[in-house]
Each structure stands twice: as C-alpha cells, then as structure tokens.
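Note sheet for the following structure.
Scope of the values below: all heavy atoms of this structure, side chains included, with no hydrogens, waters or symmetry mates. Chain letters run A, B, ... following the sequence lines, proteins first, then strands; residues in each count from 1.
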Amino acid sequence: MNLTLKIWRQKNSADKGALKEYKISNISEDMSFLEMLDVLNEELSEKGEDPVHFDHDCREGICGMCSLYIDGKPHGPQQTTTCQLHMRSFKDGDVITIEPWRAKSFPVLKDLVVDRSSFDRIIQAGGYVSVNTGGVPDANEIPISKSIADLAMDAAQCIGCGACVAACKNASAMLFTSAKISQLALLPQGQVERKIRAEKMVAQMDAEGFGACTNTGACEAECPKGISITNIARMNREYFSAIASSDNV
Amino acid sequence: MILDSKIPQGPLAEKWTKHKFNIKLVNPANKRKYDVIVVGTGLAGASAAASLAELGYNVKAFCFQDSPRRAHSIAAQGGINAAKNYQNDGDSVYRLFYDTIKGGDYRAREANVYRLAEVSVNIIDQCVAQGVPFAREYGGLLANRSFGGAQVSRTFYAKGQTGQQLLLGAYSALSRQVANGKVKLYPRTEMMDVVMIDGKARGIVTRNLVTGKIESHSAHAVLLCTGGYGNVFFLSTNAMGSNVTAAWRAHRKGAFFSNPSFTQIHPTCIPVSGDHQSKLTLMSESLRNDGRVWVPATVEIAEKLRKGQINANDIKEEDRDYYLERKYPSFGNLVPRDVASRNAKYVCDEGRGVNETGEAVFLDFRDAIKRDGRNVIEAKYGNLFDMYMQITGDNPYEVPMMIYPAVHYTMGGLWVDYNLMTTIPGLYALGEANFSDHGANRLGASALMQGLADGYFVIPYTIGDYLAQNSAERISTDHPDFKKTEQEVTQRLQKLLSIKGEKTVDYFHKKLGKIMWEYCGMARTAEGLSKAKAMIKELKKEFWTNVNVLGGNDELNLSLEKANRVSDFIELGELMVDDALHRNESCGGHFREEYQTPEGEALRDDENFAYVAAWEYKGEGQEEALNKEELVFENVKLTQRSYK
Amino acid sequence: MSWVSKTLSSTLGQKVLMALTGLFLILFLVVHLAGNLQLLFPDGGESFNKYAANMANNPLIRVVSIGNFAFILIHVIYSIILTKRNKQSRPVAYAVTKPSTNSAWASRNMGILGTIILIFLLVHLKGFYYEIKFGSVPMASYDGEEYKDVFAIVANAYSNILYVAFYVVSMGFLAFHLSHGFASAFQTLGLNHVKYSPLIRKVGLGFSILIPALFALIPLVMFFQNQ
C-alpha cells in the first residue's frame, strides 16, 4: 500500500518543530507500524536526510518504550502498543499523522522522542516496599488470597509507556500513579508504608506538573495493558485516608 | 595466561558458605568511601545496584534506555526456577543443580551452578517481600508450574509476564536507593569504553545519547550487566537496542570472552514475514504441550501450499508429516529446544517449509481443540493466540499456527571467576553478559534466576573481597588515562561519521546477520564457518570504508548509535565463528554437522572439549588467542542426552 | 504549609472539593425541584406561595441557602483553578485528536457545560431570587394572612416563550453536566466497587435525565396553561 505520513519533526527540545509530509510506497500489511517507519528511515538515510527519531526497544509490547500519537490516538487505532500495531490496520492511500506524546511533563527531546523521567521520579517518591536484600521472611509465610494477588497483578502490569497521559485531555498521570499505589496497597507487603506512599507519590505527581483527573476514562480506554480506572478510585481512597489519619502534619 | 577460576575447595554443598566466610569484608563505615559503577539495569544490574547501595556503597547506574525499567529482562515470559520444593515433589538444591548442569550439556562449572541453585530460594523470598505479585493458589500460597528439562514443578510465575514483574521489583528497589541518594541514575547513556589504570578497571567513558556529550566516570569497580549479544544475528528475540558494545570494549581491554558460539535458538517464534522484519517474537514454549508440529509429507504439496493453491486444513492426514512425533516417539513435540529447532530447519531445508519464504512449520491445535474443546485451549493459551493473531492476522483457532526457530539467548559471554570478576581486576560481569552458569544450553526459567542470583546474592559478597584489598582513594577523571580513553572514543565516533560511504548501517547489520544465521546458526560445518570467517572479514573492511552515518555527534543520533554497536557486532561475529570452528564437537546449542550420532543427535567429545574456551584479544587485525579452563566434574556423571 | 492547605492545593484535594460540592448541589436540585413542583398544583399558587414564604423565613433554610451559594462558589472557583492547571499540563496541542473514540463528550466538556449552567444560574437568580427578595412583589392573601405572590412572578416570566425556551435548553445542558458529574463524583471520592458502581452509574444516568426533565416541564406546562 502507499501512504502519506505527516510526522512531527523537531531538531531538539529548543526547536519549535513542525509537521512534515512524507510519501511512502510498497508497504506490506504484515509490517508492524515501527517497521514501516524503519522503511521510511532507511529511505531517508539513503537520501542523506536525518532519519525520524522515535523511541522503541523490545518491539513485543512489554518494555513500554515505544510511544507515538498516531492519527489522534496514543499507540494508534488498536488498543495495543505501537510496536504491536500492524499495517493491516490501515489501507492504501491513508494519510497518517504521527505526533509525540504531548504533555508539559514529557518534554520533546527530538522528533517523536520525549523525556518520561517524570514517571521514574514518581516511583522514586514511594513506589516500593522498603526491604533490603536478604533477611526477608520465607515467601510462603505471607499467604495472599488469589483474588487479591490477581488484582495486584492487574495493576502491576503497567508498562509505564505514558499512553494514559497522552490520551488524557488534562495530561494527567493518575492512571500510572494509581496502578503502583494500588498494587502495593492491595498486597500485605505494602501495608507498612501505605500512608506515606500515597501521600508522597501524589505530591510528586503534582509537582511534575501533570493535570488533574476528570474521570473521562480515556486513559483506561487507551491503555495497552487495560489498566482499570478503579485503580484511580483506590488511589483516591488511599490518599484521603492517609491525609486524614497519618502523622504527617 | 593461567585462568584461575577461584573455585573454593571442599565439598560442593559447602563451597559457597565457606567462601563467604573466607573472603574479606569492607567494614560498614568504610563502604561509603567506595564507588561502584553498574552498567545496565536489567535483572542483574538493577538488583546489584540496589543491593550494593543498601550496603552503603556509592553506586552509579547506567542504561541506554530512557528508564531502567525498560531493560530487556522485562520481556521474559515463562517464569523463574527455584528449588523451594513447595510442591513436595522431590525437588532440592541438588536436583536443580543437576538439571541445570545436564541441561547445559556438561559445559558449565559445577561450583557456580550449585551456588545458583542454592541462592535460588532466597530470590523468591526477596521478590515476594518487594511485592512481586506471583501467581497464587486458592489457599494463598505460591503456585508453581513445570518447565522443560525438569521433572518437578519449581517454576514461579506472574501470568505470562514474570520477567516484567521481577524487573519492576528490582527497579523499585533501585528507585528507593535513587531517592536515598545512594544511586545516581544515568538513563539514555551508553558505555563506550572501560578505563584502565594500573591494570585495574577504574571507570568508564560514556556517551550521553541525547546531547552526545562524552563523559568520564571514576569508580573503584565496574559491573557489566549488559545482557546478551543475540542481535549479532540482526533478527532475534532481543530488544532492538540490546548490544555487545560494553562487553566487547571490555574484551578489547583485556577481559576474556568465553564460549561466544553458544547461542540458544528457540523453536517457537513467529516466522519472518519479509525483508522488512526488524525483530522476532517468541511464543511461549508451553504451546508445544498441546500443539502438534508438522509439515507436508512431500515437497510438491508444500509448494502448492506456498503458492496459495491449497490451504493447510485441506491437507489430508496421510499427507502430513508429524516429524517430531515420528522421530522421537517418547518425547514427541516436547523434545528440548535445540532438537526441536534443528529438526524444523531440516524439514525446511528439504523444501517442505509452509509459508511464502519456505521457512516455517505448522504448530497445529486442531486435534487439541477437537479433544478438549475450544474453551479449554482458550483458557490455557488465549493471550498467546491473541498475540499471534495481532502479529500475523491469522486465527490459530481455525488455521494452524506457523512457527520457526529464532535466536533467543546467548550462553557465552565474558569469562568470570567464582567471584564474577573478569580477567580485568575490578571489572565484573553479571547475568547474561557473563558465560558462567548455563553451559552450552540454558533451561527455561533459568535466565531470570541467574540474573537475580548474581545481583542480589553473589556480587554483594564477592565485591567486598576485592574492594577490601584495594585503597579507597578516588581517582579524578582528569587523570591522563581517562583523558586518553575519552580521546579514543571521540576519535572512533569521528571516524564513523567521517566515512560518508554509500551504505546504511542496517545494510551491514542485516548482511552480518545473514552470514551468522546461515553459517553459525542452528547447524554448523567447518567448511561453512571458514567461509563465514572470510565473509565477515570482508564485511568489516567494507563497513569501515563504505558506511554512511548521518548527522553529528552532538545530538540524539540513532544512526551513530547503531553504527557504533554494529561495528562491535562485526568483530564479535568473527570471534563466534572462530569459537564454533575450533570446537570440534556438538554440544547443546552448538551443533556441528560433522559431529553427530548415527541418529543425528549432538555428539559431545568430553575427552577433548570439556573446557571453557576463553578468548583473549590480541590487538587490531590479530587472531585471538585461546585459553582453556578445564571443567572438572566431581559430582555428576557425564552422559549422552537421549530423547527417543 | 499545613497539611490542610497542602491537601487543598493538591489535585486530589481539589477534586474532592469538586465532588463534595457537586454532590451537595445534586441534593439541592432534588429539594429545589420538590418545592417547585408545587407550581403545578391547581390551586392558583397558594401552596407554592406558602412554601416560598416558609423558605424565606426558616432560619435553617437560610443557613443552608448561604451554604448553597458558598458551594456553588467553591465549585466554580476550583473548576477554574483545575481547568487552568489542566490546560497548562499540555502546552502544545495535538494536531489531530480523536477523543470521541475513548470518552464521552460530556465528560470532556464539563467546563463548557458548567459555564453555560452558571450563566443560566445568573439569569435565573436575577429573574426570580433577586426580584422576589428586592423587587416589588404583588401580595396574595390566604386565610387572612398576606403572602408574597411569588407564583404570579413565575407565571408572568413563563408566559414569555423565549424565557421558556431558555429554561428548557439550559436544562438540557444541566442533564449533560449531571450525566458525567453524578457518577464521576463517586469515582473521585474513591467510591468504586464492582457491586455498586454499575448501580451508581445507572442511578446517575436516570437522575441526569429525570431531574432536568421535570425542571423543564414546569415552564412548559405553565406556558401552555397561560395560553
């Protein structure tokens, strides 16, 4: 198939950037979306033009490195990661607009590459159980009901790609933050630091400049791992009860 | 050079305990005076960085990804082995040790493997304490599944995303230390070289992948946790960014490289669909429990199939060749990975491949669906079927899946002693980056175990032994040796940018991959390997005269990153060929066609090749020198594997 | 910063104020509607006028009504603060977006809906609340007691077709605002449960249709009664 691509080109974070149009032909429907971009880049390289920069790594939908806002949707028309999106989702003659994630807290580094270190800082604020290596109890000394373990696993599946932020009209990071708070609030291992964790992670999320939640549900609808917004409700509960009862004046 | 593996004396089961007592310690107050560099933040790197920081060392952690959470350990699906014996089915540390040694076709060190089995139980405790949501039984205790190469259920898992959950656990421990100020994180930073001062590793030179800035980092020890080098084949199940550069630069500085030709080829991957293919996707091995592997009985039928004149479902029972069931009646479709892979290659070489490229075999669930019903199959493999459908557009409930083997893991790596130190003092290699525990073939669910064992439970002890014997004095990055290395790195990059040839970097990478896959892949011959060696030498020459690297150094430049990595892959490729050529036997993932049993199985030569090949870099354009570490088996008896 | 001001400056704290004030206003709608439905009693406005007088004189109702104004104010002020923050969170807009594929229109346009409702509210307050409190109101007498004939003012207003249309359309916007706001408030407060959330959503939807519809019914009926 033959396609027209409108791709965001931006030399570096200081550059203003603009959409640039490219024509590409002979694209097979078996290609992944990123392989289609590989073909474009190979052509650009042969012509001596700077290839389009985009983040990607595992290309099997789990590392969370790939992004891309494709035709008005994060990760494109399917509810999957961009690397798992295949060209059979498009048809000959399509015009495809490709933009980077847009958020104040995800500044563009170059072209379609954005800086998502704000997510790391949210985790650093408390997304862990403070246990040192060694000296922990035997794994089976902490029985956990299957349903709780499964719920925690559902929340823990988050790949940190940032599609939730990209999809949200407010560029809110609530789904990401709540997934980690939920996982650890559900499990007995997370109980000891439950309050401080909720307070600190929410504070960091706010400090990074993400927007608030309007409960539109766009994040859940676009999340490639199907993380549920029930996690956001849980985070809110955790936060309010922490605020109301912690010793942290 | 005589390789001293530093394996402790004494009975196998007491070696590690004794060793821990005998090695030197750094006292708690002094630990903060030592700096450690950790390159790579996968299971080995993240767990090591976190654990060392908890002990009090100052750690700098580097990764080329935008976040440590993205390291390729995240893609491991199946699970992690541990000798917990929670199932009461006769598992023990010794049994895990024995299975791993045997699975590795007797080319691993007994002492290392035993230690691995010993600490495996601590790993599960540690991960659970961190909040890793392992699968549970209804009673609330941990669930296990069984995996290839073992007769007990000892594999712990978190859905089909065990690697992800374990990595996120290690990442959370790492993040905690970042918050504590004990780890400084350097994402989007690539290690370009090791800095040696007075014969010891004292730091690294890095390139900031966003700004292109070349920087030096000084430390008392350097840990390479940089994963495997499967991308030398261009197509593999590795992440696009996985590379050998860190390990290879260390090799060029004096770290020996061991058994580079030991690569694992996984039988159940989604086949290549065309020239555009950038990477391969693994389908869990568990599919072989219910799927039947077959190809058409004759080349004629296969040709019709390839041309689209007939469909798979039209082919009559008598025209189907269930070749694994035919050749290995007792193990059938569940033969080990290397056997399954090799046989797929044979039938495709005969012209019986089933997709357009002729490089695919069927994995058919028709009979399983007929027997158990679609619901049962869906419950077991639903997510895998969905993934397959997403990638290929075919519905495996209705038409047979197509699979083909793909490069998956590299058992070879930097040579390390029992302390995980390479032949460069102060330079360590952990996880897939080292060669130590899997011999010539790795069992399923053992990679995660090894990465975490090295990072959580081995290096925190063994690094103290080295540091305690070395002064805590810091070396400034203004030291002439740092400046010299920085200069070498800059020159190399300048050179890549200045060639301005006609071919793109991917052109060379693909070409290298084809050579490696053809001659140094599933089946190798002396003739083919010799040919490959000449081809790689030629390719290297062409690369350095005709590659076109666009852009400049002082920006985010994918082309330059790739060129730098591919240049190292080319050199590694040559060494892999050397290693495969010199090893005149077949073992595990290394299959030399000249050395097989009359039935076509791998034929080991324990008399002459029960050793670790440790290759020593001798300088640009020179042949590498072979050093041997003899493998001594005091506890297991070497036998021929049979799956008939 | 004390923990209170810290909480009120956090996005979650501000959202909770939106939810709580929103839920109070939802409650107010019910009470207000119950009172207003007396406009439809066929007694020439007697029960409504008595009710209005009672409302004006009952000290508890007066306190609640001050609270009501305060809640409206808080709801408005924090919606402005949050909207401003939300806009700042994405300084560069997308060239192409397809939000309709992942979320409901009302949920994305609460600010616009809220603004329209605020305008309605101002007109509404000017037309009735202000008139009744400070304007010259005719008097009606029942059982020898004098009452303000509020009914007459309402009936007069609803004889104007444009005024009626304005009311009916505004109730449509209110319906959309409620269709998201009702369930959303519970979600914000963390009240999400597999058993109850579907019910809350259904009740919310019913509420958002029924209440504005009944509100809109009053001017319509009164308009046609006048003809």
Side-chain angles (χ1 to χ4, degrees), chain A residues 6 8 17 19 69-74 77 79 96-97 99-100 102-105 108 165-174 198-199 202-203 205-206 209-222 228-241 243-244 246 248-249, chain C residues 1-4 6-16 18-20 78-79 81-111 180-194 196-197 200-201:
Chain A
K6 288 183 179 172
W8 185 261
L19 284 172
Y69 200 78
I70 302 163
D71 265 348
K73 283 167 77 72
Q79 197 184 354
I96 306 171
T97 309
E99 299 173 79
R102 296 285 188 201
K104 183 177 142 202
S105 318
V108 173
V165 175
C168 177
K169 73 180 187 71
N170 307 335
S172 168
M174 299 253 179
E199 288 188 58
V202 169
M205 174 182 78
D206 283 351
F210 290 104
C213 178
T214 311
N215 302 324
T216 66
C219 52
E220 175 184 68
E222 300 289 7
S228 161
I229 54 169
T230 54
N231 290 306
I232 299 184
R234 187 177 292 106
M235 169 175 75
N236 295 358
R237 286 202 296 276
E238 291 295 317
Y239 180 73
F240 301 140
S241 68
I243 284 290
S246 79
N248 195 9
V249 255
Chain C
M1 258 201 297
S2 84
W3 68 274
V4 178
K6 220 188 314 181
T7 308
L8 292 185
S9 62
S10 79
T11 49
L12 288 193
Q14 293 176 347
K15 284 299 298 178
V16 107
M18 292 298 288
L20 288 174
Y78 276 99
S79 74
I81 294 174
L82 281 163
T83 306
K84 199 166 150 244
R85 182 192 172 97
N86 293 344
K87 291 270 176 264
Q88 282 168 347
S89 298
R90 177 165 293 136
V92 182
Y94 291 111
V96 179
T97 53
K98 281 186 190 151
S100 59
T101 57
N102 59 34
S103 51
W105 180 86
S107 73
R108 298 191 308 274
N109 292 284
M110 291 298 275
H180 176 68
F182 191 99
S184 177
F186 287 90
Q187 162 81 5
T188 297
L189 293 174
L191 301 172
N192 186 317
H193 192 275
V194 277
Y196 310 116
S197 291
I200 291 173
R201 275 194 292 277

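- A distance-only check finds no donor-acceptor pair linking the side chain of Asn86(C) to the backbone of Gly211(A) [under 3.5 Å].
- Side-chain contact annotation: Ser10(C) with Tyr239(A), donor-acceptor N/O pair under 3.5 Å present.
- Proximity to chain C is limited to the backbone of Pro100(A), based on heavy atoms less than 4.5 angstrom apart.
- When each of Gly13(C), Ser107(C), Ser89(C) is checked for heavy-atom pairs under 4.5 Å with chain A, Ser89(C) comes out on top.
- Heavy-atom distances place both the backbone and the side chain of Ile229(A) under 4.5 Å from chain C.
- Residue Thr214(A) touches chain C through both its backbone and its side chain, counting heavy-atom pairs closer than 4.5 Å.
- With a 4.5 Å cut-off on non-hydrogen atoms, Ala166(A) touches chain C through its backbone and its side chain both.
- When heavy atoms are compared at a cutoff of 4.5 Å, Thr188(C) approaches chain A by way of both its backbone and its side chain.
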Arg237(A)/Phe240(A) under side chain to side chain contact (heavy atoms under 4.5 Å, CB included): CA gap, chis, key distance, verdict: CA-CA 5 Å; Arg237(A) 286 202 296 276; Phe240(A) 301 140; 5.8 Å; no

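- Side-chain contact of Lys73(A) with Thr101(C): a donor-acceptor pair under 3.5 Å is present, judged by distance alone.
- Within the 4.5 angstrom heavy-atom criterion, no atom of Cys219(A) approaches chain C.
- When the candidates Arg234(A), Lys169(A), Met235(A), Glu220(A) are compared by the number of heavy-atom contacts under 4.5 Å with chain C, Lys169(A) comes out ahead.
- Contacts between Leu82(C) and chain A at a heavy-atom distance below 4.5 Å involve the side chain alone, from C-beta outward.
- No side-chain donor-acceptor contact under 3.5 Å links Glu222(A) to the backbone of Ala167(A).
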Please step through side chain to side chain contact (heavy atoms under 4.5 Å, CB included) for the pair Ile200(C) and Phe182(C), ending with a clear verdict. CA-CA 8 Å; Ile200(C) 291 173; Phe182(C) 191 99; 4.3 Å; yes

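- At a 4.5 Å heavy-atom cutoff, Ala106(C) makes no contact with chain A through either its backbone or its side chain.
- Both the backbone and the side chain of Ile243(A) come within contact range of chain C, judged by heavy atoms closer than 4.5 Å.
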